[in-house]
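Just below is one structure, and these are the notes that go with it.
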Amino acid sequence: MSSTPAADRPSVLFVCVHNAGRSQMAAAFLTHLAGDAVEVRSAGSAPADTVNPAVVEAMAEAGIDVSAETPKILTTEAVRASDVVITMGCGDTCPVFPGKTYLDWKLDDPAGQGVDAVRPIRDEIETRIRGLLTDLGVAAGA
């Protein structure tokens, strides 16, 4: 019973506390690999002012520019509008609605880490995004 206008394409919301690292990387990889085949959102329960500079650098190394992204506050509307909600360390602050698919990805938090520490997190997120695309039945580009 979805009322989303693009009901033919899945919608994924990535949530972490600050929306400055893990969720930004996941959203960027999904957008990069799926193009318009998936509607992508990201948000944080307590958003930071800016995306983590080490995350920007690590993603640039992977050929993806997230320098213009800004952390966004998590809203119940964003959750309602999403088919799949993937949390990354936001715990009980993520709202839960019936009929949604919830996944919790245990990933190290890149906050306060340098780019050397962010690279393995980035690579793990890319691997998980490729698996998610397979689960969603969406062919990965790039």
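We number each residue from 1, following the sequence as shown. All of these numbers come straight from a predicted model, not from anything done at the bench.
- With contacts defined as side-chain heavy-atom distances shorter than 4.5 Å, the pair L132/I86 qualifies.
- Using a 4.5 Å heavy-atom cutoff, the side chains of L33 and V138 are not in contact.
- Criterion: ILVMFWY side-chain heavy atoms under 4.5 Å apart, direct or through other members. Under it, L103 and I129 are part of a common hydrophobic cluster.
- The hydrophobic cluster containing V56 does not contain V115, counting ILVMFWY residues as joined when their side-chain heavy atoms lie under 4.5 angstrom apart, directly or transitively.
- Nearest heavy-atom pair, D49 versus P71, reported as atom, atom and distance to 0.1 Å: O-CD, 3.9 Å.
- In terms of heavy-atom proximity, I64 sits nearest to A28 at CG2-CB, 3.8 Å.
- Between R122 and E126 no salt bridge is recorded (no basic side-chain N to carboxylate O distance below 4.0 Å).
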**Request:** Start with the C-alpha gap between F29 and M59, add the side-chain angles, then the distance that decides, and say whether side-chain contact (heavy atoms from CB on, under 4.5 Å) holds.
**Result:** CA-CA 9 Å; F29 270 123; M59 291 301 287; 3.7 Å; yes

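- The distance from atom CD of E69 to atom CE of M25, rounded to the nearest 0.5 Å, is 13.0 Å.
- In this structure, V118 and A54 approach most closely via the heavy-atom pair CG2-CB, 3.8 Å.
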**Pair V38-T31, side-chain contact (heavy atoms from CB on, under 4.5 Å): steps then yes or no** = CA-CA 7 Å; V38 178; T31 300; over 6 Å; no

**Request:** May I have the step-by-step check of side-chain contact (heavy atoms from CB on, under 4.5 Å) for V17 and D109, ending in yes or no?
**Result:** CA-CA 10 Å; V17 176; D109 188 347; over 6 Å; no

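- Annotation for A20 and T50: closest pair CB-O, 3.4 Å, computed over non-hydrogen atoms.
- No more than 12 heavy atoms of other residues, nucleotides or ligands shown are found within 6.0 angstrom of CG on D108.
- Here L13 contributes atom CG and L30 contributes atom CG; the two are 11.5 Å apart, rounded to the nearest 0.5 Å.
- In the hydrophobic clustering of ILVMFWY residues, with side-chain heavy atoms under 4.5 Å counting as a link, L74 and Y102 come out together.
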**Message:** Run R128 and L107 through side-chain contact (heavy atoms from CB on, under 4.5 Å) and show every step you take.
**Reply:** CA-CA 11 Å; R128 290 180 186 222; L107 297 161; 3.9 Å; yes

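- Between N52 and G112, the shortest heavy-atom distance links the atoms ND2-N, 4.2 Å.
- Contact detail for K72 and N19: the closest heavy-atom pair is N-OD1, 2.7 Å.
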**Request:** Check the pair S11, D83 against side-chain hydrogen bond (donor to acceptor under 3.5 Å, both in side chains), reporting the backbone distance first and the verdict last.
**Result:** CA-CA 5 Å; S11 173; D83 301 313; 5.0 Å; no

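- A single hydrophobic cluster is seen to contain both V12 and W105, as judged by linkage of ILVMFWY side chains at heavy-atom distances under 4.5 Å, directly or through other members.
- Rounded to the nearest 0.5 Å, atoms NE2 (H18) and CD (Q24) are 13.0 Å apart.
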